[in-house]
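Taking it in order: structure first as structure tokens, then the write-up.
Along the sequence shown, residues carry numbers from 1. Note that the structure is a prediction, hence the values are computed from the model and not measured.
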Amino acid sequence: MEKCGISKLDLKRRNRMQILRVIKEFGPISRVDVASELHITRAAVTIITNEMIEEGVLVEIGEAPVNTEKLQKGRRKILISINDNYKFALGAYISDVEVSIGLSTLSGAVLDKASMIIDDKTMTKDIINFIINKSNEMMDNSCLKKDKILGLGIGIVPSMWGRLKIFYKDGVLDFSNFIDKVSSGVDVEIKCGNAVGILALASNDFENYSGYQNNQVFISYGNQINMAVLNKNVLSSDYMSYTYMIERAIVNPNGRQMEGYPDGSVKAELSKTAFMNAVAEVYSKDKTPVLYEQSNGDKNNITIDALSNAVIRGEEPVVNIVNRFIANFAILLNNLACMHFAQRIILHNVELSERQLDYLKRGIAKHVGEDIAERLVLSGIDKKNLFSGGCALIIQESFYFKGGMQ
């Protein structure tokens with residue numbers, strides 16, 4: 001009779017993975033509290049964590065602070081944490097205008113980075129050679145041997161898939177051909193993914209939530225709008241591949257039209273192109289004198305600050321367009337919060353001042369309530385560190401999911 005079950009190695013890896021997850025979500029924590037959170041014995045946690053400390057995966061960082069309200073006798077708790085420098089991660093980001101690459105610690109601290117501007121004439125081989133050369137250069141500059149590198153994670157935006165010959169196979173993105181080409185020059189494990197999905201992974205800030213597992217929606221805004229979902233801090237596999245489907249959602253029935261999309265869709269109402277087209281329809285020296293002055297008479301010079309100044313000065317055509325945008329955006333946020341039980345909605349690739357963000361939130365609150373408005377936060381991922389998504393991917397796949405084991 002064939003035996004079924006889990007091997008000792010798999011069980012060990014799973015236990016270590018769970019311990020790493022708890023430490024990541026709660027920050028420095030005692031063995032006692034780890035055991036309580038995972039509902040396993042203190043003795044088991046002690047055995048596992050001691051082994052991980054010997055390997056260098058974990059470190060003891062000292063005694064827990066004293067709680068004067070709950071003083072206890074006996075030995076105080078010793079806190080353990082992940083050793084950020086146990087391994088290092090390479091990450092890359094490929095868009096239609098730039099390729100960036102960086103080296104980070106397990107905590108995401110950036111040690112090195114480089115970027116290259118690209119355009120329609122840039123060859124695929126040039127992109128691959130840049131990634132290969134910079135990966136090897138960064139390892140050499142940091143005196144890191146192969147065994148100290150978890151691997152290389154690469155995030156590729158959807159608009160670049162066809163150009164890099166990345167297609168769907170059995171409903172899943174197939175990066176194998178691209179990975180083979182990069183592997184020819186970088187002797188480390190390589191993982192690829194939808195850049196939007198892995199940026200969502202990198203944006204997950206556990207420190208702000210003290211271990212609380214929550215659902216999050218990540219929206220990457222621009223001419224193309226993409227969305228990814230984190231379900232209890234774990235990236236949803238469906239939204240790893242199909243991030244662009246949000247563009248077909250309807251936020252204004254019978255609203256603005258765009259070829260290939262339903263009337264009043266996210267693409268037709270909320271994309272950067274759609275918004276600027278709406279502004280262009282009213283833009284003139286006579287109709288929008290404030291905005292005209294702010295942009296020096298050229299609609300290509302219109303910025304968020306220029307629009308904001310026109311709104312502040314009460315320029316009615318601009319105010320109407322901005323408020324209509326906010327109303328439709330509020331509907332989108334409300335629906336996403338309800339469908340995905342999202343406690344946080346992260347808006348990426350948008351730079352707003354505190355005053356501008358406050359105006360946006362007040363507008364959202366007016367239409368769907370303060371509860372939804374307060375869930376909106378701006379992405380903390382700097383434009384210069386977009387490769388951090390690739391780092392997050394390889395750290396998740398090759399460190400956390402493997403329980404820190406090789």
Side-chain angles (χ1 to χ4, degrees), residues 25 155 157-158 168 171-173 193-206 208-209 212-258 260-272 274-275 323-350 357 360-381 389 392 396:
E25 293 181 356
V157 300
Y168 285 96
V172 179
L173 285 171
N194 182 339
V196 178
I198 62 179
L199 281 173
L201 193 65
S203 72
N204 194 12
D205 188 356
F206 293 97
N208 288 342
Y209 290 88
Y212 175 64
Q213 293 186 336
N214 60 88
N215 294 351
Q216 302 177 48
V217 170
F218 181 90
I219 300 175
S220 180
Y221 180 77
N223 290 330
Q224 186 175 46
I225 299 177
N226 286 267
M227 178 190 76
V229 175
L230 291 168
N231 183 17
K232 293 185 177 179
N233 300 334
V234 177
L235 183 63
S236 170
S237 58
D238 288 339
Y239 288 102
M240 181 66 167
S241 297
Y242 298 97
T243 63
Y244 56 86
M245 290 303 293
I246 186 180
E247 292 189 324
R248 302 193 64 81
I250 297 173
V251 292
N252 183 20
N254 301 317
R256 297 180 71 89
Q257 299 177 343
M258 185 168 288
Y261 295 86
D263 293 352
S265 67
V266 167
K267 181 74 170 182
E269 294 281 355
L270 299 179
S271 67
K272 183 178 179 180
F275 180 79
N323 287 346
R324 185 177 67 207
F325 175 91
I326 293 175
N328 291 332
F329 189 58
I331 292 172
L332 175 64
L333 296 190
N334 181 76
N335 292 344
L336 293 176
C338 294
M339 286 188 297
H340 301 289
F341 308 102
Q343 288 83 27
R344 190 167 77 142
I345 300 174
I346 305 164
L347 185 59
H348 177 68
N349 199 31
V350 175
L357 180 60
L360 175 61
K361 284 189 172 185
R362 282 190 284 113
I364 293 169
K366 177 182 176 182
H367 293 284
V368 295
E370 292 186 5
D371 177 56
I372 299 298
E374 288 306 311
R375 301 185 195 194
L376 180 68
V377 298
L378 298 182
S379 169
I381 300 176
Q396 174 183 267

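Checked options N252, N323, V266; the residue passing with N328 is N252 (criterion: side-chain contact (heavy atoms from CB on, under 4.5 Å)).
For the pair R248 (side chain) and G260 (backbone), a donor-acceptor distance under 3.5 Å is present. Judged purely by atom type and a 3.5 angstrom limit, E247 has no side-chain atom pairing as donor or acceptor with the backbone of S265. With D263 contributing its side chain and Q257 its backbone, the two residues share no donor-acceptor pair below 3.5 Å. With hydrogens and angles ignored, the 3.5 Å screen pairs a side-chain donor or acceptor of R375 with a backbone N or O of A342. Using modelled atom types, one side-chain atom of N215 and one backbone atom of K232 make a donor-acceptor pair closer than 3.5 Å. Of the possible donor and acceptor atoms, none in the side chain of K361 sits under 3.5 Å from a partner among the backbone N and O of I372.
Closest approach of A202 and G389 over heavy atoms only: CB-CA, 3.9 Å. The two residues R344 and N204 come nearest to each other via the heavy atoms NH2-CA, 4.1 Å. Here the shortest heavy-atom pairing between H348 and S220 reads CD2-OG, 3.8 Å. Here the closest heavy-atom approach between residue G155 and residue A195 is recorded as C-CB, 3.6 Å. Residues A274 and K267 approach most closely at CB-O, 3.5 Å, considering heavy atoms. Nearest approach of A268 to R256, heavy atoms of both residues: CB-O, 3.3 Å.
The structure places OH of Y242 at 7.0 Å from CG of L173, a figure rounded to the nearest 0.5 Å. Rounded to the nearest 0.5 Å, atoms CG (N231) and CG (N214) are 10.0 Å apart. Y221 contributes atom OH, which lies 13.0 Å from atom CG of N226 (distance to the nearest 0.5 angstrom). A distance of 10.5 Å separates CG of L235 from CZ of F218, quoted to the nearest 0.5 Å. Put simply, CG on L270 and CG on L332 are 6.0 Å apart, with the number rounded to the nearest 0.5 Å. Atom CG of N334 sits about 9.5 Å away from atom CG of D371, to the nearest 0.5 Å.
A 6.0 Å sphere centred on CZ of F341 holds no more than 12 heavy atoms belonging to other residues, nucleotides or ligands. Around atom CE of M245, no more than 12 heavy atoms belonging to other residues, nucleotides or ligands sit under 6.0 Å away.
Between I219 and V350, the closest side-chain pair of non-hydrogen atoms is not below 4.5 Å. Looking only at side-chain heavy atoms (C-beta outward), N194 and P158 come within less than 4.5 Å of each other.
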Note to self: Assess the residue pair V368 and L333 against the criterion (side chain to side chain contact (heavy atoms under 4.5 Å, CB included)); give the C-alpha distance rounded to whole Å, side-chain angles, the decisive distance to 0.1 Å, and a yes or no.
What the structure shows: CA-CA 9 Å; V368 295; L333 296 190; 5.8 Å; no
Next item on the list: Determine, stepwise, if the pair V196 / V157 fulfils side chain to side chain contact (heavy atoms under 4.5 Å, CB included).
Entry: CA-CA 7 Å; V196 178; V157 300; 5.6 Å; no
Notebook entry, point to check: Step by step, would you call I346 with Q216 a side chain to side chain contact (heavy atoms under 4.5 Å, CB included)?
Noted result: CA-CA 7 Å; I346 305 164; Q216 302 177 48; 3.3 Å; yes
